[in-house]
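Remember, predicted model here, so these are calculated numbers, not experimental data.
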Amino acid sequence: MSGAQGSHSLAFRVMRLCRPSFQVDPPLLLDPADLFAGEDILDDPVAASQLPRLLQAQFSKNSHSDLSYTSRFLLHDSSDATGLTGLLVLPQAFGAIYLGETFCSYISVNNSSNFEVRDVIIKAEIQTERQRILLLDSSKSPVETIRAGGRYDFIVEHDVKELGAHTLVCTALYNDGDGERKYLPQFFKFMVANPLSVRTKVRVVKDSTFLEACIENHTKSNLFMDQVDFEPSPNWNAEIINADKRYSEHKSTTREIFKPPVLVRSGGGIHKFLYQLKLSTLGPSPLKVEGSNILGKFQITWRTNMGEPGRLQTQQILGSPIARKELELHVVEMPDVIRLERPFTLHMRLTTQTERELGPFEVWMSQNGSDDEKVVMVNGLQKMVIPRVEPYGSTDFHLNLIATKPGVQRIAGIKVLDTTEKKAYDHPLADLEIYVDLE
C-alpha cells in the first residue's frame, strides 16, 4: 500500500512481509478409468484386469500428439488429487493481521524527482489508541543522499499486542534539489483482529475447582497449538485432565521428545481443555488468600500452515471467592477395622485460620435427633476440653467413640465451642462415613 503526496521528491511504499501460500489448481482432476468405466466393471475380474492395460496403451499413444491438452485434467499421479502443484504464490494483498503475531513490513523511500535529495532523516512508528511505538529513527545517522530515481529500503518489525485500528506513520525530513528543507509524513492504516477466543467455565466440586477452557479459531487458516499452558496463581496447583492419559503414559518417552501440536481448524474450529485446581499449601497465608478469586491465566502459542508463529496471554481468570473458616477440624488417623459395640479412637486435629489466638475449646457431639439416629456416640466423657491454639496453629486430640449398629455409618454432629468468645462452630468436620463390622 502507498500514501504518496504531491510536491514532494520522496514517497514511501510499504509492503507487508509475510510467507507465501501454496498454489492450488482449481480444476477437478479425474482418473481416466472413471471416464470409461464405472464401479460395476470391478464385478467382472477379467474385464477389471484388462482395463488398466488398455487405458495405459491408449493414453501413451496420444501423450505426445495431444496439442489440444485434452488430458490436462487427468490424474497422472495419485498425489495430483490434492491439487497442489508444488509451487508457492507470493502474497498479492496486505492481508489480515491478528493479535499475537509479528507485523513485519518492507518500506521503500523512493526518489521520483530528477535530482538527488540530501540529509534524509527517516522515522517509522506504530500508533494505536493507547501508545506510540518507535520502530526506526535515523536522526543520529541520516541518509546522506538518495539519487534521482533511486530508493532507500529498510525493514521494521512490531509484535502486535493490541486490537483495533493501527497506523504505521512514516516521516522523512530532507533537503530538496533547491536546498529547501521539506517534511513528508505518510500514514498507512490497518486493523488488528482477534485470531481466537478463549471461553472458560468454572465449577467447584468439594475441595476441587474444575476449569474448562474452549479455544475457538476465528482465522481463515488452521492453527497448530504448540502450547496451551495454564499458569495458576500462587494460591493454586493445577493439573490438566487428558482423555488419553493412558496413552500419554505408555508413550511418555516419545511424547517428551516430540509433542504433537493441537490442531484447531479454520473458520470456527474449537478445542477444549480441562484442568483440576486445588488450593496450594505452599502459597501465601490463608488471611491473604481469603476473598481472592484469581485462578490464573493462559499462555497460548501457535503456528499457521506456513509456520508463522503467534502468541497470546489471556487476562486473569476469576473463580468463586475463597471462603476460609476460622476453625477447621480434620481426621488424622482412624482404625482400619471398627467392631460393633467396641470402643474405637479417632485421631483429630484442630487448626486455626486467623491471626489471633483462639480457645480454650470444648468439643462434644450434638444429641439432637432421636436415639435411633445416633448409631455412633461418644464413649466416656461427653465433653472434652482443648487448650488455646496459637495463630495459624494446630493441636491434636483423640476422640473416643462407639458404634451401636453394623454396616456403613456416618459420624456427624461434632461441635466445637470457643469458651472465650462463646462462639460455637457447627459441624466443622465434614460428614465421615465408617464401616462397622460385626466381628
Side-chain angles (χ1 to χ4, degrees), residues 18-19 96-104 126 128 130-131 133 157-164 166 192-204 208-245 248-249 251-252 254-266 268-280 282-284 289 292-320 322:
C18 54
R19 300 180 187 272
I97 300 177
Y98 294 104
L99 185 71
E101 295 181 342
T102 299
F103 169 70
C104 187
I126 290 284
T128 67
R130 298 181 180 179
Q131 58 182 339
I133 304 157
E157 291 185 352
H158 169 62
D159 292 334
V160 182
K161 297 181 180 179
E162 292 185 38
L163 291 171
H166 285 58
V192 174
N194 205 339
L196 51 87
S197 60
V198 181
R199 301 190 300 272
T200 59
K201 294 181 181 179
V202 179
R203 296 288 185 270
V204 179
S208 297
T209 298
F210 292 91
L211 171 64
E212 177 187 346
C214 177
I215 297 180
E216 181 177 357
N217 183 1
H218 297 308
T219 70
K220 296 181 180 179
S221 63
N222 294 333
L223 298 182
F224 298 88
M225 298 293 168
D226 293 329
Q227 173 189 10
V228 180
D229 288 343
F230 179 70
E231 296 182 353
S233 65
N235 310 321
W236 297 93
N237 290 325
E239 179 182 0
I240 189 170
I241 300 177
N242 291 322
D244 59 343
K245 184 176 181 181
S248 301
E249 294 175 353
K251 300 289 185 180
S252 59
T254 305
R255 293 172 72 91
E256 287 176 2
I257 299 174
F258 173 72
K259 182 180 180 181
V262 175
L263 171 62
V264 184
R265 298 191 179 277
S266 60
I270 62 174
H271 193 89
K272 295 183 178 181
F273 299 85
L274 182 62
Y275 296 84
Q276 182 180 8
L277 283 69
K278 291 187 177 182
L279 281 173
S280 173
L282 302 178
V289 177
S292 174
N293 58 349
I294 297 177
L295 300 180
K297 57 188 176 181
F298 278 95
Q299 294 281 359
I300 304 173
T301 61
W302 69 86
R303 292 186 180 272
T304 60
N305 292 332
M306 300 302 293
E308 293 178 291
R311 180 180 179 273
L312 278 181
Q313 176 180 287
T314 66
Q315 296 180 346
Q316 296 285 1
I317 298 172
L318 304 181
S320 302
I322 302 172

>> Is there a side-chain contact between Leu196 and Val264 in this structure, where contact means two heavy atoms from C-beta onward sitting under 4.5 Å apart?
In response: no
Note: His166 and Leu163 closest approach over all heavy atoms is CE1-O, 4.1 Å
With Val228 as partner, the option from Val198, Ile215, Thr301 fulfilling side chain to side chain contact (heavy atoms under 4.5 Å, CB included) is Ile215
Here the gap from Arg265 atom CZ to Glu216 atom CD, rounded to the nearest 0.5 Å, amounts to 15.0 Å
Hits for side chain to side chain donor-acceptor pair (under 3.5 Å) against Thr128, two or more places apart or cross-chain, chain-then-number order -> Glu162
Output for pair (Cys104 SG, His158 NE2), nearest 0.5 Å, gives 12.5 Å
* To do: Report yes if the side chains of Val192 and Phe103 come closer than 4.5 Å at any heavy-atom pair, otherwise no.
  => no
Side-chain contact, heavy-atom cut-off 4.5 Å: Arg311 with Gln299?
yes
Shortest non-hydrogen pair, Trp236 vs Leu277, comes out as CE3-CB, 3.8 Å
Taken to the nearest 0.5 Å, the spacing of Glu239 CD from Lys278 NZ works out to 8.5 Å
When rounded to the nearest 0.5 Å, the distance separating CG of Leu223 from CG of Asn305 is 8.5 Å
| query | Do the non-hydrogen side-chain atoms of Ile133 and Lys161 ever get within less than 4.5 Å of each other? | reply | no
Original post:
Would you call Leu312 and Asn194 a side-chain contact if the rule is heavy atoms closer than 4.5 Å?
Top reply: yes
Nearest heavy-atom approach of Lys297 to Gln315 is CB-O, 3.8 Å
Closest non-hydrogen contact found for Phe224 with Pro261 is CB-CB, 4.0 Å
Tyr275 vs Phe298 aromatic rings, parallel, tilted or perpendicular, using cut-offs 30° and 60°? perpendicular
Worksheet item: Do Ile270 and Asn217 pass the side chain to side chain contact (heavy atoms under 4.5 Å, CB included) test, and can you show the C-alpha distance, the side-chain angles, and the key distance before you say yes or no?
Response: CA-CA 6 Å; Ile270 62 174; Asn217 183 1; over 6 Å; no
For the residue pair Gln276 / Ser208, report whether a side-chain donor-acceptor contact shorter than 3.5 Å exists. yes
When Leu274, Ile317, Ile240, Ile241 are each screened for side chain to side chain contact (heavy atoms under 4.5 Å, CB included) with Leu211, the one that passes is Ile317
Any side-chain heavy atom of Glu308 within less than 4.5 Å of one from Glu101? no
Margin query: Quick check against the 3.5 Å criterion: does Ser221 have a side-chain atom that pairs as donor or acceptor with the backbone of Thr304?
Written below: no
**Prompt:** Any side-chain heavy atom of Pro195 sitting closer than 4.5 Å to one from His218?
**Reply:** no
Can you tell if the side chain of Leu318 reaches within under 4.5 Å of the side chain of Ile294, non-hydrogen atoms only?
yes
